[in-house]
Amino acid sequence: MAQQKPHMNLVTIGHVDHGKSTLVGRLLFEHGEIPAHIIEEFKKQAEEKGKATFEFAWVMDRFKEERERGVTIDLAHRKFETDKYYFTLIDAPGHRDFVKNMITGTSQADAAMLVVSARDGDGVMAQTREHAFLSRTLGVQQLIVLINKMDATQPPFSQERYEAVKKDVEKLLASIGYKNVPIIPISGYKGDNILKKSENLKWFNGPTLIQALDELKTPEKPTSKPLRIPVQDVYSITGIGTVPVGRVETGVVKVGDKVIFLPADKQGEVKTIEMHHENMPTAEPGDNIGFNVRGIAKNDIKRGDVCGPVTSPPTVAKSFTAQIVVLNHPSVIAPGYKPVFHVHTTQIACRFDEIVKTLNPKDGTTLKEKPDFIKTGDIAIVKIVPDRPFVIEKVSEFSQLGRFAIRDMGQTVAAGQCIDIETK
Ligand code: GDP
């Protein structure tokens with residue numbers, strides 16, 4: 001795979017049974033990097049089961065089973081290439097996992113494919129709305145909508161049915177603020193409009209899925225923002241000195257830069273920067289680096305501190321306002337509730353100080369001011385007070401440092417983003 005092509009993380013979202021895994025299977029099996037031995041294995045199984053031909057549908061069922069067992073086709077193989085990009089398909093079997101992955105940044109999606117079945121009785125449904133809204137909330141910048149199962153409309157490949165579903169999709173997109181979204185009729189099952197223009201869909205003069213993927217914008221590296229490196233770990237290396245380790249989220253760090261670590265409030269000068277055991281003069285967003293800082297001892301800083309320029313230091317919050325989605329809470333959340341927030345490399349106990357209002361998940365408008373409590377499924381604006389001041393940023397300024405997951409009793413109960421900060 002050509003490494004020089006820009007990389008994009010792509011997530012598939014949409015209502016259950018609208019055809020997400022079938023589509024993923026089609027992309028991976030036809031254009032991707034599924035190792036030959038796995039395809040061979042599936043063929044062998046097909047023969048043993050008495051399937052005369054190597055049917056795509058049958059393969060897809062196996063693929064789904066494998067996927068559900070979480071084996072064989074790991075992330076390393078969920079790749080495919082277009083002319084412009086190479087894509088990694090992020091799995092989102094359930095929306096809890098999707099949210100958790102998005103928040104923890106392990107697989108922040110650059111774009112989403114929203115699958116909407118056009119079969120009679122399907123169309124825009126509860127999870128279609130929910131996933132689209134969540135994607136927006138979680139910062140997925142670009143969207144492609146696929147009107148799927150066009151082979152199963154009445155009559156098959158009905159333009160009229162496509163137009164009807166498209167109208168509902170457009171209403172939804174307008175209400176949550178996605179613009180310039182391609183809405184493509186496809187059949188993931190039969191392969192129409194995936195790679196080649198479908199003979200069955202001649203009335204559609206927009207792009208195929210692969211063309212639309214190529215037309216996505218290259219995600220910008222936030223190099224012009226101030227530097228932010230959340231500290232993962234701190235080492236003391238003989239002959240070098242104190243070496244914090246972390247991923248550059250925004251900005252650029254250069255040898256000679258004067259930096260500050262907050263909330264530790266320690267300053268120093270960057271002497272060396274190293275990545276993959278090689279010294280480098282600068283590092284930029286996405287780089288995982290170790291960097292020696294003169295003037296700082298190992299015990300001065302720790303995991304969860306954030307490094308930034310002395311001239312534009314990270315924000316230390318005494319309290320903050322957040323928009324959250326309650327994903328999975330056994331009872332209700334009321335003011336006073338104190339779970340653990342996972343923000344960049346920090347884990348910190350925080351108290352719900354006030355529930356300002358709940359929002360309509362369909363369009364983000366206000367549902368109720370100052371409710372007594374919130375529960376699973378609710379989206380709310382809340383005021384949060386951490387146990388001690390820590391670094392968090394507004395999602396509008398540093399999206400990478402403004403998102404968090406809320407965990408309690410070993411589970412992710414909610415997820416959200418910081419929309420305002422009080423520093424005093
Ligand atoms: P998911 O729950 O969104 O991942 O949906 P699946 O990919 O598991 O598909 C659900 C059902 O719809 C399966 O029985 C698929 O075979 C069927 N399906 C998926 N895509 C298509 C399609 O393009 N046309 C038709 N006719 N059926 C499809």
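In each ligand, atom 1 is the first atom listed, and ligand 1 is the first ligand listed.
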Nearest heavy-atom neighbours spanning Pro185 and Met150 | CB-CG, 3.7 Å
Ligand 1 versus His18, non-hydrogen atoms closer than 4.0 Å: side chain, backbone, both, neither?
-> backbone
Logged contact type for Ala152 with ligand 1, heavy-atom cut-off 4.0 Å, is side chain
What do you reckon, does Gly19 have a nitrogen or oxygen under 3.5 Å from a nitrogen or oxygen of ligand 1?
-> yes
Under 6.0 Å between ring centres, would you say that holds for His329 and Phe373?
-> no
Passing option when Ser198 is tested against Asp192, Asn193, Thr208 for side-chain hydrogen bond (donor to acceptor under 3.5 Å, both in side chains) | Asp192
Counting only heavy atoms not in Glu284, do more than 12 sit closer than 6.0 Å to its CD atom?
-> yes
Within 4.0 Å of some non-hydrogen atom of Asp17, the atoms of ligand 1 are 1 (P), 2 (O), 3 (O), 5 (O), 10 (C), 12 (O)
Numbered atoms of ligand 1 (with element) below 4.0 Å of Ser187, judged on heavy atoms | 22 (C), 23 (O), 24 (N)
Short list, please: which atoms of ligand 1 are under 4.0 Å from a heavy atom of His15?
-> 3 (O)
Is Gly188 in contact with ligand 1, taking contact as a heavy-atom separation below 4.0 Å?
-> yes
Does ligand 1 have an atom that lies less than 4.0 angstrom from a heavy atom of Met150?
-> no
Before signing off on this row, confirm whether Thr22 and ligand 1 have an N or O atom pair separated by under 3.5 Å.
-> yes
Would you say the side-chain atoms of His7 and Thr88 include a donor-acceptor pair closer than 3.5 Å?
-> yes
With a cut-off of 4.0 Å, which atoms of ligand 1 are near a heavy atom of Asn148?
-> 20 (N), 21 (C), 23 (O)
Can you tell me if CG on Asn180 sees more than 12 non-hydrogen neighbours from other groups inside 6.0 Å?
-> no
Within a reach of under 6.0 Å around NZ of Lys225, are more than 12 heavy atoms found that belong to other residues, nucleotides or ligands?
-> yes
